[in-house]
Every structure is written in structure tokens, then in C-alpha cells.
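I have placed the structure first, in the form of C-alpha cells, so that the comments after it can refer back to it.
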Amino acid sequence: MASYPFSTIEPKWQKYWDDNNTYSTPDDYTKPKYYVLDMFPYPSGTGLHIGHPEGYVATDIIARYKRMKGFNVLHPMGFDAFGLPTEQYSMKHNVHPITATEKNVENFKRQLKMLGLGYDWSREINTTYPEYYKWTQWIFLKIYNSWYDKDLQRARPINELPIPATITSPKDIEDYRDSKRLAFNASIPVNWCEGLGTVLANEEVDEWVAKGYTVERRPMRQLMLRITEYADRLLEDLELVEWPSSTKEMQKHWIGKSTGAEIEFQVSGDTNHTIKVFTTRPDTVFGATYLVLAPEHPLVEHVATSDNLSIIEEYRKRASLKSDLERTELAKEKTGVFTGGYAVNPATKAKVPIWIADYVLAHYGTGAIMAVPGHDDRDFVFATAFNLPIVRVVSDGIDGELTAAFTDNGLNVNSASTDVSLNGLSTEDAKVTIIQWLEKNNIGIGKVQYRLRDWLFSRQRYWGEPVPILYYDDGTKRALDEDELPLMLPKVDHFKPAGTGESPLALVDSWVNFIDPKTGKHARYETNTMPQWAGSCWYYLRYLDTKNSTKFCASDKEKYWMGTTGVDLYVGGAEHAVLHLLYARFWHKVLYDYGLVSSKEPFARLFHQGLILGEDGTKMSKSIGKSVSPDAIVTEFGADALRVFEMFMGPLEAAKPWQTKGVEGVLRFLNRAWRLIATDDGAPLPVLQEIPLTNEQEFVLHSMIKKVGDDIETLSFNTAVSQMMIFVNEFTQCEIKPRSAMEKFVVCLAPFAPHIAEELWQILGHTTSIFLEKFPTVDETKLIQSTVEIVLQVNSKIKSKAVVPVESTDDELETFCSCR
RNA sequence: GCGUUGGUGGCGAAAUGGCAGACGCACAGGACUUAAAAUCCUGGGGAGUUACAUCCGUGUGGGUUCGAGUCCCACCCGACGCACCA
């Protein structure tokens, strides 16, 4: 026999599991629950990549193990099927996205089943199904119909928003509400991609530029979600979750909280205009020797003197033409021009020049900075390049001439006026003192600033969730009511972009030209659709109650499965460290504010599986033809060999090169395991007998049970597999195979290699699925050996080794050693 | 530049401060075979010796310790992410 018959037993057991609903998850509240979740895939046309199974097999092992440990385990799967690639594919091949999606999903499901992954398919979800996106729209409306109460630190219904007494007309009240909603319209410069015919979120730009598309800035009316209101909670609640530190750090950085002050500089000779700057170092205000505005800053024309206007205009034009890429490439060189205008430093009362430079970003802070070249690296470089004065206001203890910015904390110097003095104060104290002084004199205020920006939530695309808002001819609008959901995506033959910067939906007559049945008024729906992230913001909740047509998820099910900490284990790629995980946390917190979910955070424990690289250790890419197809591997070596190999390659989190030879090695191991129990014909071995184990065999068996169990808990699957290999190697050498040990081994192997385990279990005479068994328990007494080898060292050099009884006392050992 | 990680045989990798390299791949030798494949057994860090002894070995240099791959300090290199955010 070349190999055990995986090609017949794998389909056999997959059918058995399907027929017997082996993996269906009951809502059995009497058992402790365990919710283990994969990041659901985007069903592309190319099918599963060899990297997909890595995370899926890991969670599959955990799920099977936990079930065998007595937990009620939820391990569902679904498809994140809206999105640009499918739409692009559809346009190119002239098939409808619905058709393309169905086809791709079907292929993905075939491949997932082929791998023996034990999902409860009755809980499958697909973000493009109206039964699903009805609730995506419903949650969106929850957000739309909310404002953020800063005092209570939570979202509240928009009709509870206090309306100022000065606002009385219905239109003004509506406008006021619109200005406070968590979903709002804004006309902002966006990343417009002509090739795709849509706008992109800042975060998405790089991905498409890398694929060869060009992206330009263009002001457009867009739907935004006010994620910034949740900045603090998104930051603080990272403390509550067990996530990789790199991911936490990335989110912290993305949120970018910085504490400082806003300071107003009076424009020199113009009491009507002030320039507001944001700084994290208000303590250095005495060292602010000039101001810099972003080129796009609204006050630039105002402060500029006429003789400088043309040069300013030229500079602005140049800056606007620079792509983001060029801006970063040219990061080393600082450019800028003098406006001709001056402002008054509120601390020193000195006249300081106002410059513009593109290293000051219009969209961060106030779009203007006070430059303190003595204590900020960028300002120092700029001041040196343009010959601007550099003043020391913080002592470094030596106080020589500044040859570089001194950015550390220190004691203030040269920081006194008739009104206020910071001299001698530490940086921390100086900040407090100056902010008090600024606030008292009404020229500044302590301020917390975030890097996080509101979430651009609309796309000019067809293949996404429709936004459930309609507009009337008179300029008024309304959001749909719950009983009007889902707002179905119209089935159209032409889904190419309108070419006007509008979504394809703008060309659909029934969409933009109809009578609203509720009001009888002529109306058009919002033509933009939601971004791909929307569906994945809450899918983990829908799995709990996929068929519910009256709620997004029944509350008793939510309470049981999510508990107070959320999904027990969430496994997926690190590429989602910021976007998906931040957006999902945001939506979850809105739901939490309404008491619709019971945990503050959606995902208690997060794990990123590492990349699987090509055999040469570089990134696998289809274009170079290096990619390995899971189908081919399964055909040649079997799904179990693929599963075990992917777990054996190395630590789950590490990037590891693929080795087809390694799969062969694992297949050898499975063959050896088979031969431990069965003949080539699949009959039990005659030497399989009910005999007691020797002490040594007991030790090997229980070491294996312990190691496998412990390693599964810590996701160290590679060493668990090693230990099973050791077990097989040891027992291969035994003439008689003790039946009880073989049975326990097969149960340990089952989470890793479910098909061969079921088959061997049947060969061993069992008639029910091995996954109804309990995972073996470790008998710690079997791990205690009667003798132990000790190493005798003198000055840490090994002098001798000896085998001694394990219960030897210190005295006995000393006596023993001195005799050697 | 900043953040997070890593750096151990020919390769993937193991190793509560206590025999470095478990387990697997590749390789070499042997058994079985007419032969090969498959399988089984055996061997492999380096130098050195007929063999033993011995010495050197976990990116580099220091330190702590009876003892360091593991802890501390500095540096070098790689991967991933961020990158003028005031």
C-alpha cells in the first residue's frame, strides 16, 4: 500500500457529517459556551488560496477540541460577498454580480468542505442576501438616527437631542439634527478614482494605487459616520481585550490621541482675525518665532500681502498637484513661502512672520501651527532652510547654541513676560501653568486632538448595500422605517458607473423617479451604496440567529453566546488590524449604547495567523505562478495531510515558507498512525489487544495527551503534532499494540485529522462519530517516573550522568555524588 | 525615523535560567527486494582524534549568575506596520 485510502475515506466522512448534522450547534444554554470565529472570506473567482486553510484549520481544531471537552461550541462560516473585485469582474465578463457571487460562493464552500472543516452550515450567512443586509441597513439607521451625548458618553436617539431655543422652524430643527447625527452628509475632498468610478476611504487608497489605478482629490458630497465621537472609548477599551500588542499599537496610533492646547495668534494689524494653532507643547509658546499655515488654509489670502500673492498662488498650485506619494517621497525636503503677513505671539507679544508650507496638513488640528524651531525637529529644519530665528526656551542642562532641536522635557528658560513666567518650571508644570494663563486670558484652551477622522461611508457603486434614505424634490428627505426594510438593490443589467461621478443606481429610473407610498411625494433614493466594510461590521452577531426575521439577533441568544466579553477567539489576517477591526468595534459600541449587545467589545481574544510564503521564502503570488492550489494538494496527499502539515509548519503566528515535501512527511506520519491500528485493507490489526500498558507506555501516552491538550489551548499546534509523532514512533516499535492506548491516541488526533480519525475509530469497532467522545484526561500519576536521569556538573561542566530513584533525598544524592 | 516582531544545523523548527538542536524535511548507510518504489532500522552542529579525550558553537560586543538561546545594556541585520499628525 502506498498510502492509507484518504481519497475514499475523506468524501465518505464528509457525507456522513452532512447527513448526520454532526456539527450543528444547538442553543443549549445549560452548557458552557465557546464561540470561535474565523474572519469570513471574500469569495473571489480564484478560489481558496493555500493560506486560507491555515486559520480555518486552527479554529477547526479548537472547535472540535472544545466540543470534546464538553463546551457548546459555535464555529460558523459565511461570505463577505459585496465589493469591488466582484463588480469589476462582472463588468469585464458581462455577468451579473449576483451570478458571479453565487458561483464563487459555491466553489468556496466546496473547497471548505473538502478540507473537512466542521462548520454548522445551517448558520451560513452571505452579506449580499436581502435577509442579511436588511439588518445591515437597520443598524445603519440606528446610527443615522442617533446623536452622541458627550456628557453621558453614549449614543442617544436623535429625537432626544435638545434643540436650542433659538432654533424654531421645522427646517432649521431638521438641519440642526442633521448636523448632530452619527451618520451625516458632508462635502469634503475625497479620494476619487476615475478608473473604478468611485471614491475610496483614505485607508483603501494605497491598495488600489498599487494595482495601477490613479486616485485624485476631488470635493464631493459624501455620507460620513462619526466614528470620532468614539475615539476615546475605542482607545481605552483596548485594555479590555487580549489582542496581539502590534495590533493594539496600530489601533492606538490610528486613533492618535494627543493632548495639548489650541492657541490663538492675533493677525498683526488686524484685530478681526486670529489664527488658531494646535500644539502638544504649549509650554514652548515663548519660543514660537513664526507660524506656518497649510497651503489650503482659509486665512491665507487674508494675511498675504499683495506682492506675495502670485508666489503663494504658484506654491498652492504645486502643492495641490502633488500626490500623497510625492508628498512622502519628498518628505526630507521642506518647502514653503512667506505670505508677507505677521501675527503676534500672545506670550512674547513679538511680531512673527506667517509662512505657508505643505508639511502642515490642512485636515489635522487647525491646519496651522506655531513653529518652535528650538524644540521641534521639523520646525528646526524649516527655520534653518529659510533663515528664521531659533530661540531656546527649554534648558537641556548645557544651554549652548542649538545645533538641533531639543525635543525632550526640561526646565523652561527665556519664558517670561510681564504677565506670566514659566522660567524654572518643568515641562509638565509649564504646560499646566501656560494653559491656565491662556484660558484665563481667553487666548487659548487645553485641547485633546485625534488623528482619527470620520469614516467615509459612501461608494459610487452598484454592488453594495443600498443606503435606506430617500430624497424629495423639495430638498427634504426621510430615512426608511423598519417595516420598509430591506431596501432591495434593484436588479439591473447595466451596472457600470454613470460616468458623472454618480453611482450606477443614478441611471435606474425606478430608483430615482418614483412616488413614495408613505407620503405620496415624488422621490429618489440615495444612489450611493455602503462600503464593503459595512457587512463585516456585525456578521459575528448574525451567526447567533441567522433566520430571525424580526430582529438582527434575539437577545437571549446574544447574551448566551457573546457573554460579557464577546467572541472567545477570533482568528484572521493581520491586514485587518486597523480597518475592519476598528469599524466593527465602533458599530458594536453603538449597539452597546442601546443595550442591544451585552459586551463592550466584540472580540475578547484575537489571533493573527502568519502568511504562508512560497517555497523560496518570498510572498506567494499568482502572477508569478508560484501559488499552490489546495485542490491539487488534497488530491495528491489528502485533506488530513494538508491540515496537519499547515499546523506542523511552525508557530501559527509566524510567516512560514510552504514545502510540498513537508506534506509528504506528514502523510508518512498519518500512514504510520494508520498502520498502528489497521491493515492495508482496513481491518483491525491482530496485534491490537486488550493488554495493560507498561509504565513506559503509560508515560508516552499521558505525555502525549497532556501536551496535545495544553498546546491546543495555547494554539501551539506545531508542538502538539510533534508529540503525536513521538507517540506513533514509540508504539510502532511495540510488538503488541494496547487497544486502550490506540483509542485514546485516535481521539487526540481527531481534531487535527478528522477523516482518518473517524475511519480508525470505526475500524476499532465503534459505530458513532468520534466527535461525540470526550477528550482523554491526563492521569498525572502516569507522568511520574520511578527513576530520573540526573546530570552531575562541576563548575557548570558536565562531569557525569546517572539514573537515580526519583524519590531520592538531597542527602542521598549528595552521598551518591561524592562516591563518583 | 517611530512601533511591533524576529535572528538557533543544509531547510522548517523545539527548548519553566539547568544535557542546545525535540519533531519533521533533505541527506548518508543498512535491512527487505531480481531491481526499484514503498516500508523498517541506524547516523548526521563544527573542529579535532584511529578511537576516546578535548575545544568551539543559538546575529555582534559587554554584563548578571555556580550556570544564559532564555534575564539586563549597547549595537548590527531582516520582516511587518506607520510615517512631516504639530
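Order of the sequence lines sets the chain letters (A, B, ...), proteins ahead of strands, with each chain counted from 1.
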Which nucleotide, [options], lies nearest any side-chain atom of [X]?
X: A/M725; options: B/C23, B/A83, B/A86; result: B/C23
X: A/R668; options: B/U39, B/A86, B/A13; result: B/U39
X: A/K661; options: B/A26, B/A22, B/A13; result: B/A26
X: A/K334; options: B/G81, B/A86, B/C84; result: B/C84

Original post:
When the ring planes of A/Y570 and A/H580 are compared, do they come out parallel, tilted or perpendicular, using 30° and 60° as the limits?
Top reply: perpendicular
**OP:** Over 60° means perpendicular and under 30° means parallel, so classify the ring planes of A/H576 and A/W533, tilted if in between.
**Re:** perpendicular
Using only side-chain N and O atoms of [X], determine if any of them is under 4.0 Å from OP1 or OP2 of [N].
X: A/R675; N: B/C40; result: yes
X: A/T719; N: B/A13; result: no
X: A/R672; N: B/C23; result: no
X: A/N718; N: B/A22; result: no

Touch class at under 4.0 angstrom, heavy-atom based, for [X] against every strand present:
X: A/D377; value: nothing
X: A/S722; value: base
X: A/S258; value: sugar-phosphate
X: A/G665; value: sugar-phosphate
X: A/P651; value: sugar-phosphate
X: A/D379; value: nothing

Can you check the [X] [atom1] to [N] [atom2] distance for me, whole Å?
X: A/F669; N: B/A38; atom1: CZ; atom2: C1'; answer: 19 Å
X: A/N671; N: B/U39; atom1: CG; atom2: P; answer: 7 Å
X: A/E575; N: B/A79; atom1: CD; atom2: P; answer: 19 Å
X: A/Y359; N: B/A83; atom1: OH; atom2: C1'; answer: 16 Å
X: A/I255; N: B/G3; atom1: CD1; atom2: P; answer: 18 Å
X: A/M724; N: B/A14; atom1: CE; atom2: P; answer: 15 Å
X: A/F645; N: B/C25; atom1: CZ; atom2: P; answer: 11 Å
X: A/F380; N: B/A86; atom1: CZ; atom2: P; answer: 21 Å

Original post:
When the nearest nucleotide of RNA chain B is assigned to A/A368 and to A/T732 on a heavy-atom basis, which residue is associated with the more 5' position?
Top reply: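 Per heavy-atom nearest nucleotide, the more 5' residue is A/T732.
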Original post:
Taking for each residue the nucleotide of RNA chain B bearing the nearest heavy atom, is the 5' side occupied by A/I726 or by A/S245?
Top reply: A/S245
Point-to-point distance, once rounded to the nearest 0.5 Å, from [atom1] of [X] to [atom2] of [Y]:
X: A/L642; Y: A/M647; atom1: CG; atom2: CE; result: 9.0 Å
X: A/K656; Y: A/M649; atom1: NZ; atom2: CE; result: 6.0 Å
X: A/L299; Y: A/T274; atom1: CG; atom2: OG1; result: 7.5 Å
X: A/M370; Y: A/F278; atom1: CE; atom2: CZ; result: 10.5 Å

Rounded [atom1] spacing from [N] to [M] in Å:
N: B/A36; M: B/A31; atom1: C1'; result: 15 Å
N: B/G17; M: B/A68; atom1: C1'; result: 7 Å
N: B/U34; M: B/G21; atom1: P; result: 41 Å
N: B/U39; M: B/G46; atom1: C1'; result: 33 Å
N: B/G69; M: B/G59; atom1: P; result: 10 Å
N: B/A83; M: B/G61; atom1: P; result: 37 Å
N: B/A15; M: B/C23; atom1: P; result: 14 Å
N: B/A47; M: B/U33; atom1: P; result: 38 Å

Original post:
Can you give one letter per nucleotide of nucleotides 7-12 of chain B, 5' to 3': B if a protein heavy atom sits under 4.0 Å from the base, S if only from the sugar-phosphate, - if neither?
Top reply: ----SB
**OP:** Scan A/R392, A/H375, A/K431 and name whichever one has a side chain to side chain contact (heavy atoms under 4.5 Å, CB included) with A/T284.
**Re:**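 The option that passes is A/H375.
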Subject >> Conformer about C1'-N of B/G9 - syn within 90° of 0, anti elsewhere >> reply: syn
Original post:
Any idea if B/G44 is syn or anti, going by the 90°-from-0 cut?
Top reply: syn
Original post:
Between A/F382 and A/K334, is there a cation-pi geometry (under 6.0 Å to ring centre, at most 45° from the normal)?
Top reply: no
Subject >> Stacked cation flag A/R585 on A/W243, 6.0 angstrom / 45 deg >> reply: yes
Subject >> Watson-Crick and G-U pairing of RNA chain B, under 3.5 Å, as dot-bracket with | and [ ] >> reply: (((((((..(((.....[....))).(((((.......))))).(((......)))..(((((..]....))))))))))))....
Subject >> Full working for side chain to side chain donor-acceptor pair (under 3.5 Å) between A/S703 and A/Q723 >> reply: CA-CA 8 Å; A/S703 311; A/Q723 200 67 33; 5.1 Å; no
**OP:** Can you establish whether the number of heavy atoms outside A/K248 located under 6.0 Å from its atom NZ is more than 12?
**Re:**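 Buried by this count: over 12 neighbours within 6.0 Å.
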**OP:** Measure from the ring center of A/F648 to the ring center of A/F669 and say whether it is less than 6.0 Å.
**Re:**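 Between A/F648 and A/F669, the centre distance exceeds or equals 6.0 Å.
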